[in-house]
Amino acid sequence: GALLFAQTAPPQQEQYNGAPPPPPPPDQNGSQDQYGPQDQGAPPPDQGAPQGQPLSPEELGQMVAPIALYPDALVAQILAASTYPTQVVEADRWVQSQGNVPPEQLGAAANGQNWDPSVKALVVFPSVLAQMDKNIQWTTDLGNAYYNQPDDVMSAVQAMRARAQAAGTLHDTPQQQVSDTGGNIVIVPANPQVVYVPVYNPWGVYGTPIGVYPGYYYGPPAGVYFGTGLAIGFGVGIGIGIWSHWGWGWHSWHPDWDHR
């Protein structure tokens, strides 16, 4: 398996069963969630999503480009959560409906939802959930690829990191540390208790520009700081210590780069 997470089995693929995905929320600042709280009944049954021809390394690289430069644990959470696209949509709308509740209260409420642990973990990162919801077809495609070709997807993440490193755009910053461990490029927060979500143009940060993933919308959120001449910016740091006691918290997620 490509992920190490003690309390859940390998992700099972969940699909929309042929129904079109619900539309993403409007891209408005501070707007009320027009969809309201979601029904938190049992999620749709998990089912495999066999694909036709395996995706090529180039296709997978294009697919993982938007997340390949995220910290390792966040990549692990996103890959697992992408196999539950309906729950990702529900979680994003739910987070929007919560307003500015204290983190501890939000964590307790999320813990009670009938979602996969990976989806609960992303509640800590609302901008990531919103991007996955807004690009729900990409999320679904990523989940299919990870379900069918987990080792190839992990290799694609490493290949894109190597491209960014060669292009000079991936390196240590005050927000994150980049290291080479056994031939794998590892990205971790500079402060283990504070996580910054990188913001970058996924089609231009890897040196030679790559094609835009069909239908993918990229728009940097407000409040992102890009240093002079830097291709990767960061928003406000998210303190994760308060979430650590939940079984699905940050410190439970680790990509298993060596077994792919």
Side-chain angles (χ1 to χ4, degrees), residues 1-19 21-22 24-25 35 37-51 63-64 66-67 70-98 103 106-151 153-154 157 195 197 238 240 243-256:
L3 301 180
L4 294 179
F5 184 60
Q7 298 190 12
T8 184
Q12 299 295 311
Q13 184 66 29
E14 165 241 61
Q15 289 294 294
Y16 280 111
N17 298 322
Y35 299 97
Q38 299 296 308
D39 179 6
Q40 301 305 328
D46 299 332
Q47 53 185 252
Q51 62 189 25
M63 181 179 290
V64 303
I67 64 168
Y70 286 7
D72 283 15
L74 186 53
V75 171
Q77 292 170 1
I78 292 171
L79 290 177
S82 68
T83 65
Y84 297 91
T86 303
Q87 294 183 23
V88 167
V89 173
E90 291 176 354
D92 181 42
R93 313 299 164 86
W94 178 84
V95 168
Q96 292 183 46
S97 74
Q98 298 304 299
L106 184 65
N111 193 55
Q113 302 302 319
N114 194 15
W115 300 329
D116 185 76
S118 61
V119 178
K120 294 179 183 180
L122 289 178
V123 167
V124 186
F125 304 100
S127 66
V128 175
L129 263 182
Q131 197 74 353
M132 293 177 73
D133 183 2
K134 187 179 298 182
N135 293 290
I136 194 61
Q137 187 58 56
W138 169 84
T139 299
T140 304
D141 293 346
L142 180 66
N144 288 342
Y146 181 60
Y147 178 83
N148 288 284
Q149 299 174 248
D151 294 345
V153 169
M154 299 295 279
V157 171
V195 177
V197 178
I238 298 175
I240 56 174
W243 306 84
S244 60
H245 63 284
W246 301 112
W248 40 263
W250 176 266
H251 298 292
S252 299
W253 296 89
H254 308 281
D256 189 6

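Only this structure's heavy atoms are used, side chains among them; waters, hydrogens and symmetry mates stay out.
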Calculate, to the nearest 0.5 Å, the distance between atoms [atom1] and [atom2] belonging to [X] and [Y] respectively.
X	Y	atom1	atom2	value
Tyr147	Ser82	OH	OG	13.0 Å
Asn135	Gln137	CG	CD	10.0 Å
Thr140	Tyr84	OG1	OH	14.0 Å

If you look at every heavy atom in [X] and [Y], which pair is closest and at what distance?
X	Y	value
Ser118	Gln77	CB-O, 3.7 Å
Val88	Asp133	CG1-N, 4.3 Å
Glu90	Trp115	OE1-NE1, 3.4 Å
Trp94	Ala109	CZ2-CB, 3.5 Å
Lys120	Gln113	CE-O, 3.0 Å
Val95	Pro126	CG1-CB, 4.1 Å

Q.
Pair Leu142, Ile67 - check side chain to side chain contact (heavy atoms under 4.5 Å, CB included), show working.
A. CA-CA 11 Å; Leu142 180 66; Ile67 64 168; 4.1 Å; yes

With heavy-atom distances below 4.5 Å as the criterion, would you say the side chains of [X] and [Y] are in contact?
X	Y	result
Thr83	Asp116	no
Thr139	Val89	no
Asp92	Lys134	no

Q) Between Met63 and Val153, is a side chain to side chain contact (heavy atoms under 4.5 Å, CB included) present by the stated rule, with each step listed? A) CA-CA 9 Å; Met63 181 179 290; Val153 169; 5.9 Å; no

Q: Report the C-alpha distance between Val64 and Val75 in whole Å, list the side-chain angles of each, state the deciding distance to 0.1 Å, and finish with yes or no for side chain to side chain contact (heavy atoms under 4.5 Å, CB included).
A: CA-CA 10 Å; Val64 303; Val75 171; over 6 Å; no

**Q.** All side chain to side chain contact (heavy atoms under 4.5 Å, CB included) counterparts of Val128, not counting sequence neighbours
**A.** Tyr70, Leu74, Ile78, Leu122, Phe125, Met132, Val197

